[in-house]
**Student:** 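What follows is a structure written as structure tokens; I'll ask about it next.
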Amino acid sequence: MAQITLSKANGIIKAALAKGTQLAMRPLSVAVLDAGGHLKAFQKQDGSSMLRFEIAFGKAFGALTIGAGSRTVEKFAKDRPHFMEGLVAASGGHVIPVAGGVLVKNAKGEILGAVGISGDTSDNDETAAIAGVEAAGFVADGGQG
């Protein structure tokens with residue numbers, strides 16, 4: 001199975017930040033994780049506020065934990081709050097259940113990792129993440145709300 005190389009991870013970040021600039025988003029922070037939930041690359045634009053790493057990481061980590069983009073994680077949080085409470089506790093607080101965490105898949109639908117972005121609205125964060133994933137030649141899955 002293919003994996004997200006450092007070069008591809010940096011390409012995802014570059015394209016996501018470019019999308020943010022194009023759409024005049026607030027400063028973004030972008031975390032790329034491999035399929036095992038390990039950080040592959042991270043960048044934070046100048047002017048990003050504190051805790052942006054933790055939020056971006058948590059969005060991507062949550063997507064990997066559920067196996068669906070963070071829109072689905074957010075839906076779980078609304079529909080099944082006790083389940084989400086347990087998931088957040090089991091993850092050591094790493095799961096952030098809001099849009100902006102996008103799975104990275106290959107053409108066969110296999111999960112290769114995830115991207116989490118924080119800095120603007122959750123919808124805009126997701127837009128930038130999808131742009132980054134697709135620019136790197138992967139399939140993006142933001143989940144279903």
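Residue indices begin at 1 and follow the sequence shown.
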**Student:** Quick one: closest heavy-atom pair of Ser70 and Gly100, and the distance?
**Tutor:** OG-N, 3.2 Å
**Student:** Would Arg52 and Asp125 count as a salt bridge (charged side-chain N to carboxylate O under 4.0 Å, His left out) here? Give the steps.
**Tutor:** CA-CA 12 Å; Arg52 292 299 177 181; Asp125 293 345; 5.7 Å; no
**Student:** Taking the side chain from Thr72 and the backbone from Ala68, do they hold a donor-acceptor pair closer than 3.5 Å?
**Tutor:** no
**Student:** For Gln144, does its backbone N or O pair with a side-chain atom of Lys75 as donor and acceptor, under 3.5 Å?
**Tutor:** no
**Student:** Do Lys19 and Thr127 have side-chain heavy atoms sitting under 4.5 Å apart?
**Tutor:** yes
**Student:** Can you name the nearest heavy-atom pair linking Ile117 to Ala129, along with the distance?
**Tutor:** CD1-N, 3.3 Å
**Student:** Charged N to carboxylate O below 4.0 Å: is that the case for Asp141 and Lys105?
**Tutor:** yes
**Student:** Under a single-linkage definition using a 4.5 Å side-chain heavy-atom cutoff for Ile, Leu, Val, Met, Phe, Trp and Tyr, are Met25 and Val133 assigned to the same hydrophobic cluster?
**Tutor:** yes
**Student:** With Ile66, which of Val73, Val95, Leu103 fulfils side-chain contact (heavy atoms from CB on, under 4.5 Å)?
**Tutor:** Val73
**Student:** Please round to the nearest 0.5 Å and tell me the distance separating atom CD of Glu110 and atom CG of Leu112.
**Tutor:** 7.0 Å
**Student:** With respect to Ile4, which candidate in Val104, Leu33, Asp34 satisfies the side-chain contact (heavy atoms from CB on, under 4.5 Å) definition?
**Tutor:** Val104
**Student:** Give a yes/no verdict on a cation-pi contact between Lys44 and Phe53, requiring under 6.0 Å between NZ or CZ and the six-membered ring centre and an angle within 45° of the axis.
**Tutor:** no
**Student:** Calculate, to the nearest 0.5 Å, the distance between atoms CD1 and NZ belonging to Ile13 and Lys40 respectively.
**Tutor:** 11.5 Å
**Student:** Is there a side-chain contact between Glu126 and Arg71 in this structure, where contact means two heavy atoms from C-beta onward sitting under 4.5 Å apart?
**Tutor:** yes
**Student:** Do Phe76 and Pro97 have side-chain heavy atoms sitting under 4.5 Å apart?
**Tutor:** no
**Student:** Tell me, do Ile96 and Phe57 make a side-chain contact under 4.5 Å, heavy atoms counted?
**Tutor:** no
**Student:** CG/Asn10 to NZ/Lys14 distance, rounded to the nearest 0.5 angstrom?
**Tutor:** 10.0 Å
**Student:** Do any N or O atoms from the side chain of Ser118 and from the backbone of Ser29 form a donor-acceptor pair under 3.5 angstrom?
**Tutor:** no
**Student:** A side-chain contact here means heavy atoms from C-beta on lying under 4.5 Å apart; do Gln43 and Val30 qualify?
**Tutor:** no
**Student:** Of all the heavy-atom pairs spanning Leu28 and Asp120, show the shortest one and how long it is.
**Tutor:** CD2-N, 3.9 Å
**Student:** Quick check: is Phe138 connected to Leu17 through a chain of hydrophobic side chains (ILVMFWY, heavy atoms under 4.5 Å apart)?
**Tutor:** yes
**Student:** If you look at every heavy atom in Ala140 and Val102, which pair is closest and at what distance?
**Tutor:** CB-CG1, 3.6 Å
**Student:** Check whether any side-chain heavy atom of Asn106 sits under 4.5 Å from a side-chain heavy atom of Val139, and report yes or no.
**Tutor:** no
**Student:** Check the hydrophobic clustering (I, L, V, M, F, W, Y; side-chain heavy atoms under 4.5 Å; chains of links allowed) and say if Leu51 and Val88 are grouped together.
**Tutor:** no
**Student:** Please examine the side chains of Gln45 and Ser48, heavy atoms only from C-beta on, and report whether any two atoms are closer than 4.5 Å.
**Tutor:** yes
**Student:** Identify the two heavy atoms, one from Ala136 and one from Ile12, that lie closest to each other, and give their separation to 0.1 Å.
**Tutor:** CB-CG1, 3.5 Å
**Student:** Under 3.5 Å, side chain of Ser122 to main-chain N/O of Val98, donor-acceptor pair present?
**Tutor:** no
**Student:** Ignoring hydrogens, what is the shortest heavy-atom contact between Phe61 and Ser91? Give both atom names and the distance.
**Tutor:** CE2-CB, 3.9 Å
**Student:** Heavy-atom distance under 4.5 Å between the side chains of Thr121 and Asn124, does that happen here?
**Tutor:** yes
